[in-house]
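For ligands, and for the atoms within them, numbers begin at 1 and follow the listed sequence.
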Amino acid sequence: MPGDGGDGSTWAILVAAGSGERLGADRPKAFVALGGRVLLAESLERLDSSAWIDAVVVAVPADWEEAAIVLAEELVASKVSAVVTGGATRAESVRSALDEIPDDALVVIVHDAARPLVDDAVIERVIAPLAEGYDGVVPGLALADTVKRVEGGVVAASFKKKMVALAIVVGFPLLWFSTRWYLRYAPDGYLRERATYAVMNGVVTETVDRGSLVTVQTPQAFAATSLRAAYRGTDPIEASDCASLVEARGGRIRVVEGDLRLLKVTTAADLALVESWL
Ligand code: CTP
Ligand code: MG
């Protein structure tokens with residue numbers, strides 16, 4: 001089986017170079033506090049200690065490279081082979097990390113640092129089917145809610161952003177502070193904050209059969225040659241996950257069972273939820 005550890009054939013890319021705009025902290029999301037250390041520590045330690053992974057490349061924002069190297073040293077994360085400066089998009093960050101991976105790597109696993117609670121069970125689930133010839137394997141979750149297609153709908157500009165813009169225009173800082181406070185501490189704050197990014201206006205045109213739909217997470221595992229081929233070419237590249245670039249070239253992607261605890265930390269409420277699961 002490819003990448004069953006020890007032969008240097010399975011590499012992990014940990015993408016941590018995002019700014020964390022929606023979290024709204026005073027530093028990049030990977031470096032906010034989670035359980036008494038930085039968020040990046042959780043996934044880095046877990047990937048480093050996985051028997052399935054031989055080496056790790058971490059992508060961080062510019063000027064945070066040193067902090068990541070120090071963190072790896074503190075964690076004694078001895079599989080960390082390189083810390084690279086990420087790009088303007090997630091895909092660009094993946095590509096920068098991919099450049100550090102040697103040609104003889106067989107398997108590359110890509111994981112979002114924003115999903116701290118990665119474990120060996122899901123790593124094994126995504127690696128195993130590669131032996132059957134798939135180009136990539138992704139963890140997926142079935143949808144619980146009814147799904148509808150909406151026309152004329154746009155993702156509503158966030159309530160928070162609107163209020164911040166209004167505060168700037170009106171020149172009324174109190175409005176900005178009270179909005180922040182309301183969104184964070186009001187009853188149902190969690191739902192309120194999530195709704196900020198999920199609201200869609202428009203008219204329903206269809207109820208979609210959700211039976212064949214999944215939401216996908218990371219870690220995503222790939223045959224190294226397939227992933228490299230997907231990232232070769234046009235500049236700059238945009239894609240919210242790696243698998244979509246492999247699919248675009250006709251690659252075969254298998255879905256395996258995901259994990260609810262792989263929740264991506266997007267808002268402050270997500271951070272609190274993940275912290276409660278530590
Ligand atoms: N990521 C990255 N480089 C980027 C953008 C994102 O490495 N230019 C990483 C993030 O660090 C994160 C993962 O991709 O681990 C998923 O991205 P997301 O959750 O969107 O994080 P951010 O882009 O940081 O958050 P936001 O979109 O709210 O700014
Ligand atoms: Mg982002």
Name the option, out of His111, Lys29, Arg115, that contains the heavy atom nearest to atom 25 (O) of ligand 1. Lys29
Using the side chain to side chain donor-acceptor pair (under 3.5 Å) rule, collect all pairs that involve residues 64-76, keeping only residues at least two apart or in two chains. Glu65-Thr85
Minimum distance, heavy atoms only, to atom 16 (C) of ligand 1: which one of Leu40, Thr218, Asp270, Asp112 is it? Asp112
At under 4.0 Å between heavy atoms, what of Lys264 touches ligand 1? The answer is side chain
Is there a path of hydrophobic side-chain contacts, each under 4.5 Å between heavy atoms of I, L, V, M, F, W or Y residues, that connects Val126 with Leu141? no
For atom 11 (O) of ligand 1, what's the nearest protein heavy-atom neighbour? Residue, atom name and distance, please. Gly18 N, 2.9 Å
What is the closest protein heavy atom to atom 8 (N) of ligand 1, and at what distance does it sit? Gly87 O, 2.9 Å
Protein heavy atom at shortest distance from atom 7 (O) of ligand 1: Ala17 N, 2.9 Å
Looking only at heavy atoms of Gly86, does any of them come nearer than 4.0 Å to an atom of ligand 1? no
The protein heavy atom nearest to atom 9 (C) of ligand 1 is Val15 O, 3.8 Å
Does ligand 1 have an atom that lies less than 4.0 angstrom from a heavy atom of Ala30? no
Geometric N/O contact Arg22 with ligand 1, under 3.5 angstrom: yes
Output for pair (Gln220 CD, Asp112 CG), nearest 0.5 Å, gives 8.0 Å
Nearest neighbour in protein (non-hydrogen) for atom 24 (O) of ligand 1: Gly20 N, 2.8 Å
Can you list the residues that meet the side chain to side chain contact (heavy atoms under 4.5 Å, CB included) rule with Thr205, with sequence neighbours excluded? Arg149, Glu151
Under 3.5 Å: N/O of Ala59 near N/O of ligand 1: no
Is the closest heavy-atom distance from Thr89 to ligand 1 below 4.0 Å? yes
